[in-house]
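Data first, discussion second: the structure below is written as structure tokens.
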Number of protein chains: 2
Amino acid sequence: MTVTESASERLVRIGEVARGAGVSVRAVRYYEQQGLLVAERSPSGQRLYRQDTIARVRFFQQMYAAGLTSRRIAELLPRWNSGHTDAEQRAMLRAERDRIQAKVDDLQTALDRLDEVITITDTHP
Amino acid sequence: MTVTESASERLVRIGEVARGAGVSVRAVRYYEQQGLLVAERSPSGQRLYRQDTIARVRFFQQMYAAGLTSRRIAELLPRWNSGHTDAEQRAMLRAERDRIQAKVDDLQTALDRLDEVITITDTHP
DNA sequence: CCAAAACCTGACGTTGACGTCAGAGGCAAG
DNA sequence: CTTGCCTCTGACGTCAACGTCAGGTTTTGG
């Protein structure tokens, strides 16, 4: 899935990306500012994105939800853009994975505690 | 588990609570300011906590990790402190539970995507 | 052709959970 | 008594991911 420079992919403006991914226009500009997105520009200066940018933004949202920062995502991005690999980055990936796994486990624990309380207060009002 | 006013439980100072729960002293004071903790005071004004405060703080950390705010936790606290129940609070509990469940699912998705990338870059360096 | 909608660049504001610093007491050990 | 660690109350600082406002240009639909 390395970038295929097909002759003329349909490009979309920032509003469509935002709506498509369910975020604000401001957020998309912010991602670009953080180096997560790159946009072509129309002659008048408007940003033009490839359509897969929408999926990309959705992916960012997932990573944010997983507790990654923009900086961290930017550090990991080369993984998604090229086939290139280096040991340090693989270690980073695994570290993040473990962090998220731990977080999932914690959340599951919290969920269980909430369920406890719910069943108690429901059966014993 | 309603509060048992046992004659003289061993009380601990803020530093012990913090170390015990793995948070900063500042954090503990913050929790008190948000109405999550109540402390007795020694004659000289130092905060004195019951030992179960440590578990309580750990629980707060879980809830924070689950995305609850201090305010939200404070609203739900009566559940843990009394046997009293009202329908609105039960609804809140269930709402939070569902939110967390959704979050867990999202995280699991993110985790799967990371795993994909990891196996790809590992088997195909 | 013209108004509404969309986009642009700054740049300051917001929110939550603390960090940090200042200045002043309090407490057990030697 | 004094040294060293703990605690106190303000109060300002931080960081991330945007929100929001100002003032101006561009694109689109009727």
Side-chain angles (χ1 to χ4, degrees), chain A residues 10-49 53-54 56-77 96 99 103 106 110, chain B residues 10-50 53-54 56-77 96 99-100 103 106 110:
Chain A
R10 169 170 148 59
L11 298 178
V12 296
R13 294 191 301 174
I14 195 170
E16 193 168 337
V17 171
R19 276 191 307 279
V23 303
S24 68
V25 167
R26 176 68 172 90
V28 178
R29 290 203 195 96
Y30 175 75
Y31 301 155
E32 182 173 336
Q33 188 186 332
Q34 300 306 303
L36 301 182
L37 294 178
V38 182
E40 289 181 48
R41 294 302 183 117
S42 78
S44 67
Q46 300 202 344
R47 293 173 177 81
L48 297 176
Y49 299 96
T53 302
I54 295 177
R56 208 178 156 93
V57 169
R58 278 212 248 279
F59 175 68
F60 294 156
Q61 291 291 105
Q62 289 191 337
M63 292 302 134
Y64 285 138
L68 304 215
T69 65
S70 297
R71 165 170 287 284
R72 202 75 172 142
I73 297 175
E75 289 169 351
L76 294 173
L77 266 187
E96 289 300 341
R99 240 186 24 72
K103 193 164 187 174
D106 284 357
Chain B
R10 169 170 147 59
L11 298 178
V12 296
R13 294 189 301 174
I14 195 170
E16 193 168 337
V17 171
R19 276 190 308 278
V23 303
S24 69
V25 167
R26 176 66 172 92
V28 178
R29 291 204 194 96
Y30 175 74
Y31 300 155
E32 183 173 335
Q33 188 186 331
Q34 300 305 303
L36 302 181
L37 294 178
V38 182
E40 289 181 47
R41 295 301 184 120
S42 78
S44 65
Q46 301 201 341
R47 293 172 176 81
L48 297 176
Y49 299 95
R50 305 213 322 265
T53 301
I54 295 176
R56 207 179 157 91
V57 169
R58 278 211 249 278
F59 175 68
F60 294 157
Q61 292 292 105
Q62 288 193 337
M63 293 300 134
Y64 285 138
L68 303 214
T69 66
S70 296
R71 165 171 287 284
R72 201 77 173 142
I73 298 175
E75 288 169 351
L76 294 173
L77 265 187
E96 289 300 341
R99 240 185 27 72
I100 299 177
K103 194 163 184 170
D106 284 357

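The structure presented is a predicted model; accordingly, all values stated were derived computationally and were not measured. Convention: sequence-line order gives letters A, B, ...; per-chain numbering from 1.
- Note: CD (A:Glu32) to C1' (C:dC8) measures 12 Å, nearest angstrom.
- Between the CD1 atom of B:Ile14 and the C1' atom of D:dC5 there is a distance of 15 Å, given to the nearest Å.
- For B:Arg71, the CZ atom is loosely surrounded, since the number of other residues' heavy atoms within 6.0 Å does not exceed 12.
- Counting non-hydrogen atoms under 4.0 angstrom, A:Arg41 reaches the backbone sugars and phosphates but no base.
- In this structure, A:Leu36 atom CG and D:dA16 atom P are separated by 13 Å, rounded to whole Å.
- Residue B:Leu77 holds its CG atom at 7.5 Å from CZ of B:Phe59, rounded to the nearest 0.5 Å.
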From CA spacing to verdict: salt bridge (charged side-chain N to carboxylate O under 4.0 Å, His left out), B:Arg99, B:Glu96: CA-CA 5 Å; B:Arg99 240 185 27 72; B:Glu96 289 300 341; 3.1 Å; yes

Review item, nucleotides 26-30 of chain D N/O atoms under 3.5 Å of protein N/O:
unit_1 : atom_1 : unit_2  : atom_2 : d
D:dT26 : O3'    : A:Ser44 : OG     : 3.2
D:dT27 : OP1    : A:Ser44 : OG     : 2.9

Sugar-phosphate or base contact per nucleotide [nucleotides 17-24 of chain C; S, B, -; heavy atom under 4.0 Å]: BBBB----

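- Without hydrogens or angle criteria, B:Arg56 side chain to B:Leu36 main chain gives a donor-acceptor distance under 3.5 Å.
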Derivation and outcome, salt bridge (charged side-chain N to carboxylate O under 4.0 Å, His left out), residues B:Glu75 and B:Arg72: CA-CA 5 Å; B:Glu75 288 169 351; B:Arg72 201 77 173 142; 3.0 Å; yes

Verdict with supporting geometry, A:Arg29 and A:Arg47, side chain to side chain contact (heavy atoms under 4.5 Å, CB included): CA-CA 9 Å; A:Arg29 290 203 195 96; A:Arg47 293 173 177 81; 3.6 Å; yes

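- Between the A:Arg58 side chain and the A:Gly20 main chain, a donor and an acceptor come within less than 3.5 Å of each other.
- Following rounding to the nearest Å, A:Gln33 (CD) and C:dC8 (P) show an atom-to-atom distance of 13 Å.
- In this view, B:Leu11 and B:Glu40, B:Leu48, B:Arg50 satisfy the side chain to side chain contact (heavy atoms under 4.5 Å, CB included) rule, not counting sequence neighbours.
- In this model, the phosphate group of D:dA11 is not approached by any side-chain N or O of B:Arg29 to a distance below 4.0 Å at OP1 or OP2.
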